[in-house]
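Nothing here was measured: the structure is a model prediction, and the numbers come from that model.
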Amino acid sequence: MTDTQDRTESAQEQADEALRRFADGFSWLRRAPVLHSPSEHGLEYEDVTFPARDGVPLEGWFIPALGSGKLIIANHPMGFSRSGMPTQYEPWHADWAASGNGFEVDLVPDYKILHDAGYNVLAYDLRNHGLSSAANGGVSTHGITEWRDVAGSLAYARTRPGTRDMTIGLFSRCMGAVATFAAMTRWPAAFDGVRCLVSPQPVTPRIIVERRLAVMGLGDRLDDFNTLIRLRTSVGLDQRVPQEWAKNVRVPTFLYQVRGDILTHPSDIQAMFDNIPVAEKKLQWIEGTTARWDGYLEFQRRPQPMLDWFAQYM
């Protein structure tokens, strides 16, 4: 065997190993810790637990706004917890820095803004995230199973003393948004009476995989990657279809997205927006950055358009 053949085989083995690591990480997401607390912002809160639609125990916070009859239910992006993502630390930094997302996202300031605007807040960890229980072998399915968490949060809010008669709005982020679209498809009755939805950066898994493979120099390995995640999770990319699920959204919906996000493409969220079959909808673009994380921080930087949406429909 020549030196050239040795180098070629070594490069192929390294590429295969990188693909396997990516598939593993995409299937069994590294849990981000619940690193921050509402108390850091002077908020009183209650640690709560409630079951998903299929009984999986979920963990969260209830943050009361005294005298308010309005409730925002908030979930989080893929790989995050209800408190955010500590991407300034390893090993998360190594996972995300190459795409320009190597800085922390602390989501707790969002809850402070909502509270100060007069909303009670229920923020929770999706299954296999944060402090919520493991389920379905610990795999992530981008809505195929996580929709049950969204439905469970609504059932909990409607049976909890003190919140059962509240007006409800949803703040569903990224994979949490995709899970919400899936829940609207699988269990539409759960959304009877929900007034509106604000969703930053829902994304089709196939698109984000294509982009991340390109960053890794493996842009020609999408089919191989799809085979690997089917073997790991039973759910291929062709079953993870938020663009299709968006056709079942029936509440006023505000989407926003970093237009230049290196990990997706504007056409993806545009297709979701176009497929939402209600007149009361809005799509807002975030300009001047390619970092996806800036989209998750948009609410705490410039919250007024989202607060206006909640105020209009709640």
Side-chain angles (χ1 to χ4, degrees), residues 72-78 80 101 107 110 114 126 142-144 146-147 150 154 168-188 190-191 194-212 237-314:
I72 303 294
I73 301 177
N75 58 26
H76 58 79
M78 178 182 75
F80 284 52
N101 295 293
L107 296 176
D110 292 9
L114 290 168
L126 296 163
H142 299 91
I144 300 293
E146 293 84 359
W147 75 266
V150 179
L154 285 163
I168 296 175
L170 302 178
F171 189 23
S172 300
R173 306 171 178 107
C174 184
M175 191 173 81
V178 169
T180 299
F181 295 170
M184 290 173 167
T185 302
R186 302 294 184 92
W187 199 260
F191 296 86
V194 171
R195 297 295 183 87
C196 61
L197 169 65
V198 172
S199 287
Q201 307 199 129
V203 64
T204 296
R206 178 181 294 273
I207 302 295
I208 202 168
V209 166
E210 288 175 346
R211 291 294 186 144
R212 289 196 65 186
L237 294 173
D238 56 339
Q239 296 169 270
R240 309 177 190 213
V241 287
Q243 290 184 13
E244 289 300 308
W245 298 332
K247 295 176 181 179
N248 298 294
V249 175
R250 293 292 186 273
V251 302
T253 299
F254 184 138
L255 305 180
Y256 58 99
Q257 169 71 46
V258 170
R259 191 192 296 270
D261 180 359
I262 196 172
L263 294 177
T264 184
H265 191 277
S267 61
D268 185 28
I269 196 168
Q270 184 69 57
M272 293 184 214
F273 177 78
D274 292 344
N275 283 346
I276 293 172
V278 298
E280 301 83 6
K281 59 181 180 178
K282 180 178 180 179
L283 172 57
Q284 177 173 294
W285 296 106
I286 302 164
E287 308 286 0
T289 179
T290 61
R292 185 170 183 80
W293 276 203
D294 282 325
Y296 300 139
L297 293 170
E298 179 71 8
F299 178 72
Q300 55 197 257
R301 292 169 174 169
R302 287 169 286 272
Q304 201 57 51
M306 304 76 163
L307 292 177
D308 289 346
W309 193 263
F310 282 129
Q312 180 178 354
Y313 292 104
M314 294 180 68

Student: Can you pull the ring-ring contact (aromatic ring centres under 6.0 Å, His included) pairs that have at least one residue in residues 253-277, sequence neighbours excluded?
Tutor: Phe254-Tyr256, Phe254-Trp309

Student: Does a side-chain N-to-carboxylate-O contact under 4.0 Å join Asp294 and Arg301?
Tutor: yes

Student: Quick one: are Pro200 and Pro77 in side-chain contact, heavy atoms under 4.5 Å?
Tutor: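 Of all side-chain heavy-atom pairs linking Pro77 with Pro200, none is under 4.5 Å.
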
Student: Taking atom types as modelled and ignoring hydrogens, do the side chains of Glu244 and Asn275 form a donor-acceptor contact shorter than 3.5 angstrom?
Tutor: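 No - no donor-acceptor pair under 3.5 Å links their side chains.
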
Student: Say you draw a straight line from CE of Met314 to CD1 of Ile168; how long is it, rounded to the nearest 0.5 Å?
Tutor: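 It comes to 8.0 Å.
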
Student: What pairs with Glu210 under side-chain contact (heavy atoms from CB on, under 4.5 Å), at least two apart in sequence or on another chain?
Tutor: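 Applying side-chain contact (heavy atoms from CB on, under 4.5 Å) to Glu210 gives Arg206, Ile207, Leu222.
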
Student: Taking the side chain as every heavy atom from C-beta outward, state whether Thr253 and Glu280 have any pair of such atoms under 4.5 Å apart.
Tutor: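 SC-SC contact between Thr253 and Glu280 ruled out.
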
Student: What is the minimum heavy-atom distance between Pro277 and Arg250, and which atoms define it?
Tutor: CG-NH1, 2.9 Å

Student: Measuring from Lys282:NZ to Asp308:CG, what's the distance to the nearest 0.5 Å?
Tutor: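 CG of Asp308 is found 7.5 Å from NZ of Lys282.
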
Student: With the side chain counted from C-beta on, respond yes when Val194 and Tyr313 share a heavy-atom pair under 4.5 Å apart, and no when they do not.
Tutor: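 Answer no - side chains too far apart.
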
Student: Mind checking the CZ-CD1 spacing from Arg212 to Ile262? Nearest 0.5 Å is all I need.
Tutor: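 Here the rounded value is 11.5 Å.
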
Student: What pairs meet the side chain to side chain donor-acceptor pair (under 3.5 Å) rule with one or both residues in residues 177-188, with sequence neighbours excluded?
Tutor: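 Every side chain to side chain donor-acceptor pair (under 3.5 Å) pair that includes a residue of residues 177-188, provided the two are not neighbours, is Ser172-Thr180, Thr185-Asn248.
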
Student: Charged N to carboxylate O under 4.0 angstrom, Asp274 versus Lys281?
Tutor: no

